[in-house]
Amino acid sequence: MSCAIIAAVIFAVNIKTFVRAGGLYPSGFNGVTLLVQQIGTQFFGIAIPFSLINLPLNAIPAFISFKYLGPKFTVSSCCVVVLTSLLTDFIPSQPITYDPLLISIFGGLINGLAASLCLIGNTSGGGTDFIAILVSEKRGRDIWNYILAGNAMLLTVAGLLFGWDAALYSIIFQFTCTQTIQILHQRYKKHTLFIVTRHPAKVYEEIKNFTHHSATQFTGKGCYSQDELTLLYSVVSREEAKLLIKKVKEVDPSAFINIIKTDYINGRFYHRTDY
C-alpha cells in the first residue's frame, strides 16, 4: 500500500507541475480526463473537477480487474485512482518550467517512474493499466507499446480540437513514460540460461524449487579437459535469473553459465502470478 500512496502523490504532483504547464495529455484515463476538462473549459465555460470525470471512467475497468485479477490488486489500484484524483484537485499548480520539450521528457520520466512503482508494488494507476496488466498476464509479455499506439486516438482528437503542438509533444511524453516502464518493470522479460555443470541434479533442484520451471539436460564432453559434463537449458524470468545464478553458484561454484536475452517463446511456460 505504501507504493500505491507514493505513486499517487507522484502522479498528482506531476500533473500539476509538468503536465498542466505544458498543456499535455498523459496516457490512459488521466489523459481523457484532462481532455474532457479542457473541452468543458474552452467550449462550454465549465470547470469540471478532475475526480468527477476520472472516477467514473475507471469504474468499468475496475470491475473487470476485480473479476479477473482479484480484489487485492483492484482495491489497491482504486486507492491510487481515488488519491490521485483528489490530490490533483487540491494540490496547487506549481510549474517548474514552461519549455514544452523539457516538460515532455521529464514529465514522461516521472510518470513512468510512478507507474513502475505501482507495478513493483503489485498495483496499478488504474484505467488502461487494468487492461494492460490483464492482457499481459494472459499473454506472458507486456503490451505497453500497444497501449502507446492506442493513445494515438486520444492525441488525434486533442490535436484536431486544440492544435497539434500539444498533441505531438504528448507523444514524446507518452513514449518516454512507456520506455521508462519497460526499463524498470522486468516482470515479463525472460532470460535463457545455459548452465554447464558437474552437478546437474543439484542445479536442477535449485531451478525447479526457486522458479518452478523445468530444464532440458544435454550430456557432453569438455573439449579441453575431456571431462564428462552436463548442459542444462532453461528459460526463466529476468527477475528470477539474478537470484538463481547465486543459488547455482552455491551448489556448484565451478558451473559455467551463459545468459541470453529472450524476446519470444512459444510453448508451455510457467508464469508466476501475484494478483
Side-chain angles (χ1 to χ4, degrees), residues 3-43 45-54 57 80-120 124-129 144-145 147-185:
C3 287
I5 295 173
I6 295 171
V9 173
I10 295 175
F11 277 132
V13 171
N14 192 41
I15 289 173
K16 299 308 284 281
T17 55
F18 284 102
V19 177
R20 285 274 176 82
L24 302 182
Y25 305 97
S27 61
F29 287 172
N30 284 345
V32 175
T33 301
L34 292 176
L35 179 61
V36 172
Q37 281 187 306
Q38 190 168 355
I39 291 173
T41 301
Q42 294 198 15
F43 292 99
I46 302 172
I48 309 173
F50 187 92
S51 55
L52 190 62
I53 306 168
N54 199 42
L57 282 175
V80 175
V81 173
V82 172
L83 189 56
T84 300
S85 299
L86 295 176
L87 289 175
T88 301
D89 283 334
F90 289 106
I91 292 177
S93 295
Q94 295 291 336
I96 296 176
T97 177
Y98 290 97
D99 186 299
L101 184 58
L102 291 177
I103 290 171
S104 302
I105 295 173
F106 286 97
L109 284 171
I110 295 171
N111 205 70
L113 174 63
S116 300
L117 190 60
C118 285
L119 296 172
I120 291 170
S124 76
T128 52
D129 286 1
W144 299 108
N145 283 332
I147 296 296
L148 176 63
N151 285 320
M153 296 178 62
L154 167 69
L155 299 179
T156 300
V157 174
L160 291 171
L161 292 176
F162 304 110
W164 291 103
D165 284 355
L168 294 175
Y169 278 119
S170 293
I171 292 178
I172 299 175
F173 175 94
Q174 294 185 20
F175 178 80
T176 305
C177 176
T178 299
Q179 298 311 305
T180 302
I181 295 173
Q182 291 190 323
I183 291 171
L184 296 179
H185 188 233

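Positions are given from 1, in the same order as the sequence printed here.
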K.L.:
So which heavy atom on T88 is nearest to which on K16, and how close?
P.N.:
O-NZ, 2.9 Å
K.L.:
Can you give me the closest heavy-atom contact between T41 and A47, atom names plus distance?
P.N.:
OG1-CA, 4.4 Å
K.L.:
Which residue in the set I105, I103, T97 passes side chain to side chain contact (heavy atoms under 4.5 Å, CB included) when paired with L101?
P.N.:
I105
K.L.:
Evaluate side-chain contact (heavy atoms from CB on, under 4.5 Å) for C118 paired with D129, printing each intermediate quantity in order.
P.N.:
CA-CA 10 Å; C118 285; D129 286 1; over 6 Å; no
K.L.:
Answer yes or no: are there more than 12 heavy-atom neighbours, outside F162 itself, under 6.0 Å from its atom CZ?
P.N.:
yes
K.L.:
Is there a side-chain contact between F173 and N111, using heavy atoms and a 4.5 Å cut-off?
P.N.:
yes
K.L.:
Work out which heavy atom in T180 is nearest to a heavy atom in G112; give both atom names and the distance.
P.N.:
CG2-C, 3.8 Å
K.L.:
When you measure from the side chain of T33 to the backbone of I53, do you find a donor-acceptor pair of N or O atoms at a distance under 3.5 Å?
P.N.:
no
K.L.:
Would you say that more than 12 heavy atoms from the other residues, nucleotides or ligands in this model lie under 6.0 Å from the CZ of F43, or not?
P.N.:
yes
K.L.:
Using 0.5 Å steps for rounding, measure from the CG atom of N54 to the CZ atom of F29.
P.N.:
8.5 Å
K.L.:
Can you check side-chain contact (heavy atoms from CB on, under 4.5 Å) on Y169 and L24, steps first, answer last?
P.N.:
CA-CA 7 Å; Y169 278 119; L24 302 182; 3.7 Å; yes
K.L.:
Which value, rounded to the nearest 0.5 Å, describes the distance between I120 atom CD1 and L184 atom CG?
P.N.:
6.5 Å
K.L.:
Between F50 and L34, is any pair of side-chain heavy atoms under 4.5 Å apart?
P.N.:
yes
K.L.:
To the nearest 0.5 Å, what is the distance between CD1 (I10) and CG (L87)?
P.N.:
11.5 Å
K.L.:
Are D165 and P100 packed together at the side-chain level, in the sense that at least one heavy-atom pair is separated by less than 4.5 angstrom?
P.N.:
no
K.L.:
Does Q37 use its side chain to pair, donor to acceptor, with the backbone of I48 at less than 3.5 Å?
P.N.:
yes
K.L.:
For the pair L117 and L113, evaluate side-chain contact (heavy atoms from CB on, under 4.5 Å) and give the outcome as yes or no after the intermediate values.
P.N.:
CA-CA 6 Å; L117 190 60; L113 174 63; 5.6 Å; no
K.L.:
Specify the closest pair of heavy atoms between G125 and F11, including all atoms of both residues, with the distance to one decimal.
P.N.:
CA-CE1, 4.2 Å
K.L.:
Can you check whether T176 reaches S104 side chain to side chain, under 4.5 Å on heavy atoms?
P.N.:
no
K.L.:
Please answer whether the main-chain N or O of Y25 pairs with a side-chain N or O of Q174 as donor and acceptor at a distance below 3.5 Å.
P.N.:
yes
K.L.:
Can you name the closest pair of heavy atoms from D89 and S51 and give their distance?
P.N.:
OD2-OG, 2.8 Å
